[in-house]
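In this text, all values refer to a predicted model and were calculated from it rather than measured experimentally.
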Amino acid sequence: MAQNEELTAEAVEAEETLTSYTSESAAAEDAPKKERPALTVAGAAVGRRKEAVARVRVIPGSGKWTINGRTLDNYFPNKLHQQDVNEPFKILDLEGAYDVIARIHGGGISGQAGALRLGVARSLNEIDVDNNRATLKKAGYLSRDARVIERKKAGLKKARKAQQYSKR
């Protein structure tokens with residue numbers, strides 16, 4: 001009986017010391033953040049998604065967006081697209097530090113938002129590879145989404161839709 005009480009006391013102590021479980025190493029969290037250089041460098045990159053292509057320039061400024069001569073909320077009225085495009089700045093804590101000038105053509109609204117996000121992430125990566133690349137890559141913002149619309153095949157109604165087989 002006394003042995004069981006000792007085991008439960010050890011289990012309680014172990015529970016108290018382990019407050020949370022995570023798959024990330026503690027060394028990554030404790031590592032000091034590198035000093036960021038002054039925000040005086042501009043960057044440019046191209047982002048693509050589906051049929052959309054975005055040419056993006058990021059320059060130090062006050063956080064103003066100009067997309068095809070229009071503002072961000074005017075070009076992307078959907079708040080989800082605005083949030084999606086702004087994610088690379090948010091994850092790097094650089095909101096309001098850079099102005100974005102972009103030229104987008106092709107595709108639809110969702111594809112254009114994805115292309116703009118990739119272009120912004122690539123240009124931020126170009127500005128400061130040492131500080132920005134690891135964070136952007138871990139979040140998945142530096143990889144192009146390669147999914148595109150499949151072409152229509154001869155003899156089919158759409159890319160894969162065929163006529164139903166009739167037994168009689």
Side-chain angles (χ1 to χ4, degrees), residues 19-153 157-161:
T19 55
S20 66
Y21 297 96
T22 180
S23 61
E24 296 179 10
S25 64
E29 294 173 7
D30 296 337
K33 289 193 173 186
K34 297 178 183 175
E35 282 293 318
R36 288 189 182 273
L39 304 175
T40 58
V41 182
V46 174
R48 292 183 195 87
R49 169 90 168 90
K50 294 187 178 181
E51 292 292 314
V53 178
R55 295 174 292 165
V56 181
R57 279 188 15 231
V58 175
I59 54 176
S62 60
K64 190 176 113 182
W65 289 78
T66 307
I67 304 165
N68 291 357
R70 295 157 57 185
T71 61
L72 177 67
D73 53 345
N74 189 353
Y75 196 85
F76 292 117
N78 188 341
K79 294 286 183 194
L80 186 68
H81 292 143
Q82 292 176 20
Q83 181 181 341
D84 190 34
V85 161
N86 210 10
E87 279 297 312
F89 288 116
K90 198 171 287 184
I91 201 166
L92 293 172
D93 296 327
L94 292 174
E95 293 176 287
Y98 289 97
D99 289 344
V100 178
I101 302 167
R103 303 289 291 163
I104 307 176
H105 68 274
I109 297 296
S110 182
Q112 288 184 353
L116 183 57
R117 184 183 78 176
L118 179 62
V120 167
R122 281 180 171 175
S123 57
L124 287 173
N125 180 46
E126 179 186 316
I127 288 172
D128 189 9
V129 176
D130 296 334
N131 289 326
N132 297 346
R133 183 168 179 83
T135 309
L136 291 170
K137 192 163 178 68
K138 186 174 181 184
Y141 294 146
L142 292 179
S143 59
R144 184 192 187 283
D145 190 352
R147 296 176 295 172
V148 294
I149 297 171
E150 194 174 347
R151 74 174 184 86
K152 182 189 177 299
K153 276 66 167 197
K157 292 177 183 260
K158 293 176 14 181
R160 294 179 183 231
K161 185 176 181 179

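Applying the salt bridge (charged side-chain N to carboxylate O under 4.0 Å, His left out) criterion to Arg122, with sequence neighbours excluded, gives no partner residue. In this structure Arg160 satisfies the side-chain contact (heavy atoms from CB on, under 4.5 Å) test together with Glu150, sequence neighbours excluded. For Glu126, the side chain to side chain donor-acceptor pair (under 3.5 Å) criterion is met by no residue, not counting sequence neighbours. Applying the side-chain contact (heavy atoms from CB on, under 4.5 Å) rule to Glu95 yields the partners Asn86, Phe89, Lys90; only residues at least two apart in sequence or on another chain are considered.
From Ile67, atom CD1 reaches atom CZ of Phe76 across 5.0 Å, with rounding to the nearest 0.5 Å. With values rounded to the nearest 0.5 angstrom, Asn132 atom CG is found 4.5 Å from Leu92 atom CG. Taking NZ from Lys50 and CZ from Arg147, the interatomic distance works out to 7.5 Å, rounded to the nearest 0.5 Å. To the nearest 0.5 Å, the span separating CD1 on Ile127 from OH on Tyr98 amounts to 4.0 Å. The CG atom of Asn125 sits 10.0 Å away from the CG atom of Asp130 when rounded to the nearest 0.5 Å. With rounding to the nearest 0.5 angstrom, the CG atom of Asn74 is 11.0 Å from the OG1 atom of Thr66.
Scanning both residues, Ala45 and Ser123, for their nearest heavy atoms gives CB-N, 3.6 Å.
Not one N or O on the side chain of Lys161 forms a donor-acceptor pair closer than 3.5 Å with the backbone of Ala159. A donor-acceptor distance shorter than 3.5 angstrom exists from the side chain of Asp99 to the backbone of Lys64, with no hydrogens or angles considered.
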Show me the donor-acceptor pairs within less than 3.5 Å that the side chains of residues 51-63 make with the rest of the protein, sequence neighbours left out.
none

What side-chain donor-acceptor pairs closer than 3.5 Å can you find for residues 104-118, not counting sequence neighbours?
from, atom 1, to, atom 2, distance (Å)
Gln112, OE1, Tyr75, OH, 2.8
Gln112, NE2, Gly106, O, 3.0
Arg117, NH1, Asp84, OD1, 2.9

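Annotation: Leu80, atom CG; neighbour count of heavy atoms from other residues, nucleotides and ligands within 6.0 Å is above 12.
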